[in-house]
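Have a look at the structure below, then the notes.
Below, all heavy atoms of this structure are taken into account, side chains as well, without hydrogens, waters or symmetry copies. Chain identifiers are assigned alphabetically (A, B, ...) following the order of the sequence lines, protein sequences preceding nucleic acid strands; residue numbering begins at 1 within each chain. This is a predicted model, so every value here is computed, not measured.
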Amino acid sequence: MTPKRKRFYIIFATFSFFCFVVGAILIVLQDNILFFYTPSEILQKNLKQNEKVRLGGLVEENSIIRNDIKINFTITDLKKTMEVSYEGILPDLFREGQGVIVQGYLKNNIFEASEVLAKHDENYMPPEIKKKLYN
Amino acid sequence: MVAIIGNISLICAALLSFYQFLNIRNINKVRVLNPDRTISLQFFFVLTAFFSLMYAYVVSDFSILNVYQNSHTAKPLLYKITGVWGNHEGSMLLWVLVLVFFGFLISKYDKRLDLPYKTLTLSFQSLITFIFLLFILLSSNPFIVISPVPINGQGLNPLLQDPGLAFHPPNLYIGYVGLSIVFSFTIARFYKGNFDASWAKLIKPWVLLSWSFLTLGISLGSWWAYYELGWGGFWFWDPVENASLMPWLCATALLHSTLVLEKRNALKKWTIFLAFLSFSFSLIGTFLVRSGIITSVHAFASDPTRGVFILMICAFFIFSSFILLAKKAGSIKEEKLISPISKEGAIVFNNLLMIALLLTIFIGTIYPIFLEIFTGDQISVGPPYFNLTATLIMIPAVLVMSFAPMINWKKDDLFGLLSRLKTVLFLSLLVTFIFFYINFQGPIIALVGIFLAAWLFFGTLFNFFEKTNYLKKLKDLNKTYLGMTVAHLGVAIFIAGITGSTLWKVEKIKTLKIGEKVLLNNYSLNFDKIKKIRGKNYIGHEAEFNLYKKNKFIKTLKPQKRFYPVQEFATTEAAIYSRGISDIYIAMSEPVDDSWLFRFHYSPLTPWIWIGSIMAFIGGILSFSHRMFKRK
């Protein structure tokens with residue numbers, strides 16, 4: 001092999017390696033993206049059975065019901081509401097009247113949350129919710 | 001007064017750095033102006049600005065907006081000091097302080113450089129300093145004055161009121177910003193045009209130093225998250241965490257490719273590319289963190305104009321450096337092609353995998369931004385994506401990493417090599433089998449993790465024994481080689497740590513009344529009492545748990561729930577009992593009727609994550625000090 005041809009093979013191999021990586025990334029990525037909705041949006045969408053999504057809004061006042069480690073509360077976007085049920089520990093910033101994001105799926109019109117996320121800026125309002133609620 | 005001193009110092013530093021940058025024009029003259037004085041003065045002025053801000057924090061000078069927004073008289077002194085960089089403006093000032101500090105280190109202590117090269121390098125470093133000072137002065141000035149002076153401040157985010165804030169950001173910044181000096185070294189070298197082994201020797205210690213501190217900074221951050229956020233994990237694949245991991249991966253690749261350049265005079269363009277890419281990713285990281293473009297635990301209040309400014313800085317450095325590389329690439333002569341079965345072949349393999357992992361993390365991190373721009377959909381990429389891709393890429397990387405140091409340069413014999421690895425393979429399988437026997441619950445992938453850790457550990461040790469002739473020639477051992485051994489062993493321990501922590505963790509969430517107990521593996525935790533506590537700026541509750549192992553008392557654990565009235569903000573202070581090979585972790589939640597809600601973890605091998613990271617740091621520093629300070 002001439003050096004030129006060798007170099008061509010090296011570049012070709014490296015290039016195809018990265019194409020392969022990017023292709024693989026995109027396939028894996030497709031299965032792992034979570035859409036973010038507000039209660040009004042989630043009611044309009046026809047979610048597939050067990051489709052994992054994120055739901056965000058404000059925790060409605062006086063909606064929190066505790067039963068041992070089970071907790072039920074309502075998320076509102078000031079237009080529609082959605083009941084959420086969750087088992088486990090709530091993040092420190094979880095509070096009535098403030099923004100929250102939950103992750104899970106919709107089952108019999110109740111949102112079964114597997115995670116409640118404590119992602120806040122210092123005004124207790126996750127940016128995604130701010131964008132959707134106040135724009 | 002403080003504001004005036006601060007502003008004037010910043011302006012002086014900016015002017016000096018611009019002046020130093022203009023010195024590039026004089027590089028062809030016979031007498032090159034020594035940059036030492038302007039570099040020292042830059043350092044002096046930025047330091048003055050930094051200390052005046054710190055002074056304003058310590059004396060609670062609320063006439064300065066930044067202090068008003070982020071401090072409070074009731075805050076403990078430590079957090080008044082560390083609060084300086086617990087906010088955007090202050091942390092950018094720390095960024096620039098580290099930037100000029102690196103320039104200062106080079107001008108004072110790196111005696112290996114000739115004057116024109118040193119001047120050029122420091123001039124490019126000054127350009128970076130100048131641009132960032134401009135950014136501070138125009139859009140993130142920490143010395144803005146308000147009037148009338150408020151009576152008290154708004155306080156610091158309680159999550160940041162932790163000793164972790166004292167260590168995590170400065171170390172991380174030394175790593176991040178250290179890559180800027182590697183960038184300046186590279187850009188300056190284009191003037192001479194010879195990217196040879198001697199150049200690799202010049203940049204190597206600085207790559208090592210940044211890499212070591214990046215390692216330390218990231219692991220300190222993850223340790224902080226582990227004990228402060230109360231969810232018991234150490235890594236969340238949060239965009240801001242990714243922002244620090246990407247330059248680390250790049251620096252890891254660079255660290256190894258400079259070795260090839262140094263020993264074999266090959267991979268020149270690739271090394272230059274990596275040097276540029278590393279700094280680009282530390283800029284992109286700064287952009288992701290500081291612009292607030294992605295939601296993240298770290299994205300405290302953000303301002304879009306700053307984002308645009310930082311994006312412009314990123315674009316400027318990234319495009320200009322890569323265009324320079326593309327234009328000059330033809331004139332850089334690569335001499336040798338690399339054989340796949342050789343040390344340099346193994347390093348190329350490492351480099352490709354590091355960059356592939358970097359690419360997956362990069363795409364996963366920025367994909368939500370692009371999707372939102374183009375379709376308006378808001379999405380997030382979940383941890384399963386990152387866990388899967390990172391695991392798949394790291395398995396082959398670690399398999400090769402174990403024996404790569406034993407391969408000869410130029411060419412080696414594959415079968416000879418494999419036969420030397422028999423003992424290592426036997427020992428690793430033995431360890432995996434023992435683990436399987438003791439702890440057979442958990443998924444199969446956990447055994448793969450343990451095997452990889454053992455494979456890397458024994459491979460590295462085996463090579464160490466061969467090299468030192470079974471410790472007989474320990475004295476002749478090269479310190480950089482020792483550094484590599486310590487760092488690689490650290491990685492092995494780290495892999496065991498993440499395997500145990502992610503795959504064998506036992507979690508229990510329970511409500512308990514006083515007097516009740518919970519069983520966790522062989523341990524029993526008795527909920528003894530609960531009492532009210534009062535700190536300098538918080539109130540809260542503290543629970544007391546007595547930890548027993550098979551009825552033998554071990555320790556009392558005291559998790560806390562704190563409430564900070566100034567910010568109306570609660571924090572969880574987890575109680576952790578660490579035995580070196582496993583952790584017992586208790587986080588306290590809230591009262592439910594007449595009992596309290598707790599989260600318990602038994603996480604085996606978790607402390608090894610940090611032990612391994614610290615070893616990697618020590619290994620890097622060993623090599624650095626040897627390369628920097630050895631006598632010729």
Exercise. Please walk me through it: do A:Val21 and B:Thr360 pass side chain to side chain contact (heavy atoms under 4.5 Å, CB included)?
Worked result: CA-CA 8 Å; A:Val21 171; B:Thr360 55; 4.3 Å; yes
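- Residues passing the ring pair (Phe, Tyr, Trp, His ring centres under 6.0 Å) test with B:Phe386 are B:Trp237, sequence neighbours excluded.
- Of residues 592-601 of chain B, those residues with a non-hydrogen atom less than 4.5 Å from any non-hydrogen atom of chain A are, in numerical order, B:Val592, B:Leu597, B:Phe598, B:Arg599.
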For this session: Apply side chain to side chain contact (heavy atoms under 4.5 Å, CB included) to A:Val116 and A:Val100, showing your working.
Result: CA-CA 7 Å; A:Val116 176; A:Val100 70; 3.7 Å; yes
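- In terms of heavy-atom pairs under 4.5 Å with chain A, the best-connected choice from B:Ile363, B:Val348, B:Ile355, B:Leu352 is B:Leu352.
- If you measure heavy-atom distances from B:Lys561 to chain A, the contacts under 4.5 Å come from the side chain alone.
- In this structure, the side chain to side chain donor-acceptor pair (under 3.5 Å) partners of B:Glu573, at least two apart in sequence or on a different chain, are B:Thr571.
- The part of B:Glu590 that comes within reach of chain A is its side chain, from C-beta onward, which places non-hydrogen atoms under 4.5 angstrom from that chain.
- Between chain B and the options A:Ile69, A:Val53, A:Asn32, A:Val22, the largest number of non-hydrogen pairs under 4.5 Å is found for A:Asn32.
- Applying the ring pair (Phe, Tyr, Trp, His ring centres under 6.0 Å) rule to pairs touching residues 57-80 of chain A yields A:Phe73-A:Phe94, sequence neighbours excluded.
- Chain A forms the most heavy-atom pairs under 4.5 Å with one residue out of B:Leu371, B:Thr572, B:Leu392, B:Thr389, and that residue is B:Thr572.
- Remark: the A:Tyr86 side chain and the A:Asn72 side chain contain no N/O donor-acceptor pair separated by less than 3.5 Å.
- Cation-pi geometry between A:Arg54 and A:Phe36 is not met: the NZ or CZ atom fails to fall both under 6.0 Å from the ring centre and inside 45° of the normal.
- Counting all heavy atoms, side chain and backbone alike, B:Ala243 lies closest to B:Leu288 at CB-CD1, 4.2 Å.
- Proximity to chain A is absent for every atom of B:Ile393, based on heavy atoms less than 4.5 angstrom apart.
- Between the side chains of A:Thr74 and A:Thr81, no donor-acceptor pair of N or O atoms lies under 3.5 Å.
- In this structure, the portions of B:Leu359 lying under 4.5 Å from any heavy atom of chain A include both its backbone and its side chain.
- Between chain B and the options A:Leu29, A:Leu26, A:Ile33, the largest number of non-hydrogen pairs under 4.5 Å is found for A:Leu29.
- Among B:Ala587, B:Ala356, B:Gly382, the residue with the largest count of heavy-atom pairs under 4.5 Å with chain A is B:Ala356.
- If you measure heavy-atom distances from A:Val28 to chain B, the contacts under 4.5 Å come from both the backbone and the side chain.
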For this session: Test B:Met394 against B:Met354 for side chain to side chain contact (heavy atoms under 4.5 Å, CB included), laying out the working first.
Result: CA-CA 9 Å; B:Met394 284 317 284; B:Met354 288 300 127; 4.2 Å; yes
